[in-house]
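Here is the naming used below: chain letters follow the sequence lines, and residue numbers restart at 1 for every chain. Please read all numbers here as calculations on a predicted model, not as lab measurements.
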Protein chains: 2
Amino acid sequence: MTLFPSAEPVALDLLSEVTSEATPRTEQRSKREQILQGAMQVFLERGYAGTSMDRVAAVAQVSKQTVYSHFKDKKGLFTALIEQMTIQRFQIRFGTDFFGEPPDLLLRQLAELMLEKLDDPQFLAFFRLIIAESARFPELAKLYIQTVIQFGHSRLGQYFAQHSELQISDPDATVRVFFGSIAAFILAQGVLHGQEVMPIAKERLVNTLVDLIVSQTDSRAHKG
Amino acid sequence: MTLFPSAEPVALDLLSEVTSEATPRTEQRSKREQILQGAMQVFLERGYAGTSMDRVAAVAQVSKQTVYSHFKDKKGLFTALIEQMTIQRFQIRFGTDFFGEPPDLLLRQLAELMLEKLDDPQFLAFFRLIIAESARFPELAKLYIQTVIQFGHSRLGQYFAQHSELQISDPDATVRVFFGSIAAFILAQGVLHGQEVMPIAKERLVNTLVDLIVSQTDSRAHKG
DNA sequence: GTCTATATCTAGATAGAC
DNA sequence: GTCTATCTAGATATAGAC
């Protein structure tokens, strides 16, 4: 399991081209990249067990043996793909400037950043896949937790702790409420098709969340 | 006695079979249950595509043809199983007495009820499976949303709306924050193995959540 | 490294005896 | 309805030419 300590990885345009129909310029990209591109498309659509190496090869427009010359086996291909996507694409990076903002603005910006994923079918499929294979590939789930979630949690926890005017007694738990509400919203509305069954505007969640966390200030100040 | 509202939009042959006690062919019912039991074990462990009908038959200790005599095909077996589990086992039913409680006690009880699922491997596997197959079987995901989630949301929303002393401006959104935080906690800690990577006591989440929602009362009262 | 061709096995689904 | 036996397609992985 490889973790990039300071994440400034190569800008691998793994996800820029989803449709590689009849583009005869396949020789320009490296074969490995080409394979990963095809594998991503198939794995995201059909899951691990539902994906065949034949199909990966076909979509990637290479022969099957070429796939096996770059990756040991199906497991190795899947692991390499998920590790790359986790680290290079779906790791949310918060700029340092974010944390100079006042609380309500910061929280709104973070919420917006996350809620954009609702309109990103590729992320929804990736999220679904990580969860789907979290029993067969527990290490990939942990990698996702560590790279995508944990860093953001730690940063916001520090922010909460430093901004004493918020009077947050348990910063880490409050972070869980904030990020957790939004993650569950994405899961229910985007992944589980809740948008069609119990729709609700995402702004209402954001407003409520910001109100709950920020307006604690008034409560305790008046109490003291 | 637990409360069970009538709103049931989906037709399910499995429910009607179970409720009809006067089935003359007890042998037939027994086999069917036996198959579903085996199917549950295998599907929960290996997912839909990873499950073979051979293995289901073996675990259920019947021949494969017997499986096909009770269910049209693999899809039909899976659908019947998930529908049954969703409705009969994992639907959280809130007793009416719950909603006579004061807010902090009610929220704590609800949180406890949900967080028990962290220690229920079968629920964690079921939760994982619903999400995993939400692309291939969107109707099952919607059924889950409607039966497991929506009813609880609506009940707590009514409670929030009726208890005006809580001064909750958007009850439904507040419900999303409450249930969403807990659901995301179960997902991260239980399903995605976050317990091993970023452990945190569930009581801290509950305390923070209750504090955020209930102490809003003081805030707005003082604000005037 | 990359291809075509193939070995070996297992998948879902069905036939036919009883 | 339930079993054993089987069909056919597709799966992972490898062989061997170039």
Side-chain angles (χ1 to χ4, degrees), chain A residues 20 22-82 129 132-133 136-137 140, chain B residues 13-14 17-18 20 22-82 129 132-133 136-137 140:
Chain A
S20 54
T23 41
R25 54 185 157 87
T26 55
E27 292 302 324
Q28 291 182 350
R29 287 181 297 175
S30 78
K31 286 287 181 190
R32 184 189 170 93
E33 193 180 331
Q34 198 174 328
I35 293 165
L36 284 171
Q37 168 74 26
M40 181 190 68
Q41 204 173 315
V42 184
F43 276 124
L44 284 186
E45 187 184 327
R46 309 164 82 96
Y48 178 78
T51 291
S52 74
M53 298 295 266
D54 279 288
R55 192 176 184 88
V56 168
V59 171
Q61 291 178 308
V62 299
S63 77
K64 195 160 57 170
Q65 183 57 19
T66 300
V67 178
Y68 278 99
S69 76
H70 282 85
F71 301 92
K72 180 174 175 290
D73 51 17
K74 188 181 175 182
K75 233 173 181 170
L77 172 60
F78 182 73
T79 301
L81 173 70
I82 297 299
L129 187 57
E133 303 304 334
R136 195 192 298 254
F137 298 94
L140 293 182
Chain B
D13 54 342
L14 218 101
E17 163 143 357
V18 170
S20 62
T23 308
R25 309 186 181 195
T26 53
E27 181 70 25
Q28 188 177 347
R29 225 190 74 169
S30 161
K31 282 289 182 194
R32 187 187 172 96
E33 288 304 319
Q34 197 174 329
I35 294 166
L36 284 171
Q37 182 72 24
M40 181 186 69
Q41 200 174 318
V42 184
F43 277 124
L44 284 185
E45 185 183 329
R46 309 165 81 97
Y48 178 77
T51 291
S52 74
M53 297 296 265
D54 281 287
R55 192 177 183 87
V56 168
V59 171
Q61 290 179 310
V62 298
S63 76
K64 192 159 62 168
Q65 183 58 18
T66 300
V67 177
Y68 278 100
S69 76
H70 284 270
F71 302 93
K72 181 174 173 290
D73 52 16
K74 188 182 176 183
K75 233 173 179 168
L77 172 60
F78 182 73
T79 301
L81 172 71
I82 297 299
L129 187 56
E133 302 305 333
R136 194 193 298 254
F137 298 94
L140 292 183

[X] has an atom [atom1]; how far is it from atom [atom2] of [N], in whole Å?
| X | N | atom1 | atom2 | result |
| --- | --- | --- | --- | --- |
| Arg32(B) | dT2(D) | CZ | C1' | 16 Å |
| Lys31(B) | dC3(D) | NZ | C1' | 10 Å |
| Arg46(A) | dT12(D) | CZ | P | 11 Å |
| Phe71(A) | dG1(C) | CZ | C1' | 14 Å |

>> To the nearest 0.5 Å, what is the distance between CD1 on Ile82(B) and CG on Leu129(B)?
In response: 4.5 Å

> Which heavy atom of Phe71(B) sits nearest a heavy atom of Ala80(B), and at what distance?
Replying inline: CE2-CB, 3.8 Å

> What string of B, S and - do you get for nucleotides 11-18 of chain C 5' to 3' if you count protein non-hydrogen atoms under 4.0 Å?
Replying inline: SBBBB---

> Got a sec, which residues hit side-chain hydrogen bond (donor to acceptor under 3.5 Å, both in side chains) with Asp54(A), two or more places apart in sequence or on another chain?
Replying inline: Lys64(A)

>> Taking the cut-offs as 6.0 angstrom to the six-membered ring centre and 45 degrees off its axis, would you call Lys75(B) and Tyr48(B) a cation-pi pair?
In response: no

> Can you tell me if the side-chain N/O atoms of Thr66(B) get under 4.0 Å from OP1 or OP2 in dC3(D)?
Replying inline: yes

>> Regarding Ser69(A) and Thr66(A), do their side chains bring together a donor and an acceptor under 3.5 Å, going by distance alone?
In response: no

> Taking the side chain from Lys74(B) and the backbone from Thr51(B), do they hold a donor-acceptor pair closer than 3.5 Å?
Replying inline: yes

